[in-house]
Amino acid sequence: MNYPFWDVPLGYGILMGGIAVVHVFISHFAIGGGLYLVVAEQAARKRDDAAALAFLHTLSKFFARLTLVAGALTGVGIWFIIGLLNPAATEALIHNYVWGWATEWTFFFVEITAALLYYYGWERMTAAAHLTVGWIYFAAAWLSLFVINGILAFMLTPGKWLTTGNFWDGFFNPTFWPMLVLRTGVCVMLAGLYALLVAAPYAAGDFKARTVRTLTTWGLVGLAVTVAAGYWYWQAIPAEITTAALQMMPSPMRALRAAIWLAIALGVLLLVCRAMARQLPVALAVVLMAVGLAWFGSFEMFREGLRKPYAITGYIYGNGTEVAQVEHYRTDGYLSHIAYRSGDDGADLFRHACRSCHTVTGFKPLKPAFDGTDREFIAAIVRGTHLLKGHMPTFFGTAAEADEVAAYLFSRIDQRPLEQICAERGESVGPKAYAMRCGKCHPIGTASDKSVSFAGLDSDGLNGVLDMAASLGDGMPAYTGSPTERAALVAYMQTLGSQVTK
Ligand code: HEC
Ligand code: HEC
């Protein structure tokens with residue numbers, strides 16, 4: 001909370017996802033593509049295959065432009081964006097890994113220098129010198145992945161670093177090796193996908209058939225390595241994180257399911273391309289590329305989502321709250337620790353506690369989550385964010401500060417009673433009231449579903465449950481809905497209870 005808050009009318013997740021997915025896609029291609037170029041050049045020179053060398057020359061031009069321009073720009077863009085979105089976590093990463101970053105930037109410098117020499121060297125260097133430059137390029141690119149992988153994997157699984165603070169404990173953390181193998185597989189696969197895009201416009205014939213077959217092999221081998229390492233990665237993540245994800249974290253699990261289906265689609269499409277090697281249509285190569293991008297995007301969203309509620313597990317929360325400061329926040333509240341205040345305390349508290357993940361009406365909006373409820377209920381939810389599905393950071397501010405966030409949100413929602421909103425939208429009140437007031441903490445069908453407790457209770461009994469609501473669980477809100485809403489909710493709870501006994 002030492003930094004001003006950057007309030008843009010966009011979801012942080014969208015900003016970060018948009019730039020990061022493009023960058024990782026290009027940067028992995030830069031590595032895999034480098035390997036493909038030298039391996040293919042070596043083979044082509046041995047066969048004295050002029051057509052293949054001309055193809056590689058074209059590919060290296062496309063490749064140099066994409067990686068050196070788009071890759072470098074989005075890489076700097078990531079620094080720019082994370083510095084604005086979570087300055088405290090960025091600061092922690094720089095402090096702990098300053099030599100790591102310096103090493104990575106050195107490799108990157110070697111990488112781009114070698115990439116330029118390789119491109120210009122096709123007609124100006126001897127074959128041996130050109131190949132050497134190619135290998136230097138690939139080695140530097142992969143080593144930069146090696147370094148950055150240590151820092152990225154650290155954010156989810158800092159392991160022993162949390163107690164020792166030792167650079168190497170953080171670097172060679174529990175998911176370092178599976179993640180490195182996984183990303184290396186991705187590099188090989190993407191090299192295949194990109195090069196297929198370059199090969200697709202070539203005229204149907206033997207050369208195209210041979211090239212496309214080789215490239216689909218790269219794609220399939222890379223995909224197989226990735227899938228196997230993906231399983232190893234999941235196993236290497238501490239069980240408390242994966243269990244929480246399975247039970248309480250719908251977004252990363254949705255992303256993981258999407259990634260699994262897209263990986264299957266990629267495998268099938270690669271086989272189709274292989275079967276059509278002689279006359280591979282450009283459209284198919286484009287579809288393959290799009291599926292590859294969607295797949296990698298889903299995987300990265302899964303990996304990022306899994307870290308909730310943290311930016312660095314056990315060290316700093318997604319909203320910039322430092323774990324080491326929690327005791328101070330609990331006693332003094334947040335406001336006295338916010339270095340730059342705007343004069344509107346409710347807004348400042350909302351920004352620092354919630355705004356890094358939610359907006360009011362845009363990305364992961366809170367307005368629909370509270371429309372038709374009341375200020376007291378919203379305050380209880382603010383105090384109880386750690387109890388909700390989604391695996392959010394705890395609100396460590398004081399009760400008075402939770403009220404200020406609630407007032408801020410309440411003044412921005414639809415304040416009509418829920419039954420009126422439902423009538424307008426044609427929704428039934430009972431299920432909606434349950435979703436708004438109970439389902440956030442007790443989603444139906446999950447481990448925290450309370451339907452069993454409703455079984456066998458008549459409407460008096462269920463009204464009793466609602467009367468006692470605030471004393472049923474630590475953090476459970478009092479029931480503050482209107483009498484009409486209450487009657488509809490009770491009827492719905494009766495239905496839920498009767499479904500259990502059946
Ligand atoms: C680190 C990110 C993060 C922070 C910070 C955060 N949330 Fe959340 N919140 C989530 C995620 C993730 C979900 C699950 C929704 C989803 O997966 O789409 C969620 C869900 C919710 C829901 C349930 C939405 C629904 O549809 O029922 C509410 C209400 C909510 N958050 C309120 C808050 C409030 C209030 C704050 C600030 C005090 C806050 N959140 C801070 C990430 C966060
Ligand atoms: C902010 C989160 C939250 C909300 C919202 C919430 N609860 Fe709870 N509820 C809890 C917690 C925490 C407990 C205690 C731990 C437990 O039993 O899981 C609890 C316990 C209960 C229990 C006691 C179960 C038992 O066997 O002792 C019932 C019944 C219950 N809730 C029903 C409801 C109903 C009905 C609603 C909606 C009107 C609701 N809850 C809304 C958090 C919440």
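Just follow the structure's listing: the first ligand is 1, and inside any ligand the first atom is 1.
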Reported CG-to-CZ distance for the pair L256 and R303, which is rounded to 0.5 angstrom: 13.0 Å
Ligand 2 atoms in contact with M493 (distance to a heavy atom under 4.0 Å): 35 (C)
Residue-ligand contact F370/ligand 1, heavy atom below 4.0 Å: yes
Closest protein heavy atom (residue, atom, distance) for atom 17 (O) of ligand 1: S251 OG, 2.4 Å
Beyond-backbone contact of Y340 with Y3, side-chain heavy atoms, under 4.5 angstrom: no
Atoms in ligand 1 with a heavy atom of K440 nearer than 4.0 Å: 27 (O), 29 (C)
Test item, S448 contacting ligand 2 (heavy atom, 4.0 angstrom): no
W261, CH2: over 12 other non-hydrogen atoms inside 6.0 angstrom: no
Atoms of ligand 2, numbered as shown, that sit under 4.0 Å from any heavy atom of G475: 1 (C)
Enumerated ligand 2 atoms positioned under 4.0 Å from heavy atoms of R437: 5 (C), 37 (C), 41 (C)
Near atom 8 (Fe) of ligand 1 (under 2.8 Å) - protein N, O or S atoms: H358 NE2, M392 SD
Protein heavy atom under 4.0 Å of atom 27 (O) of ligand 2: no
Heavy-atom nearest neighbour in the protein, as seen from atom 24 (C) of ligand 1, with distance rounded to 0.1 Å: A369 CB, 4.0 Å
Location of contacts on M249 toward ligand 1, heavy atoms closer than 4.0 Å: neither
Flag if over 12 foreign heavy atoms under 6.0 Å of OH, Y315: no
Those atoms of ligand 1 less than 4.0 Å from some heavy atom in P393: 1 (C), 3 (C), 4 (C), 5 (C)
For S453, atoms of ligand 2 separated by under 4.0 Å from a heavy atom: 24 (C), 26 (O), 29 (C)
Protein contact to atom 5 (C) of ligand 1 [nearest heavy atom, distance to 0.1 Å]: A353 O, 3.2 Å
Residue list, side-chain hydrogen bond (donor to acceptor under 3.5 Å, both in side chains) with S482, at least two apart or on another chain: E419
Any protein heavy atom < 4.0 Å from atom 15 (C) of ligand 1: no
Near atom 8 (Fe) of ligand 2 (under 2.8 Å) - protein N, O or S atoms: H442 NE2, M476 SD
Ligand-residue contact atoms, ligand 2 with D474, heavy atoms, under 4.0 Å: 12 (C)
Residues forming a side-chain hydrogen bond (donor to acceptor under 3.5 Å, both in side chains) with S451, sequence neighbours excluded: D449
For L466, the ligand 2 atoms whose distance to one of its heavy atoms is below 4.0 Å: 38 (C)
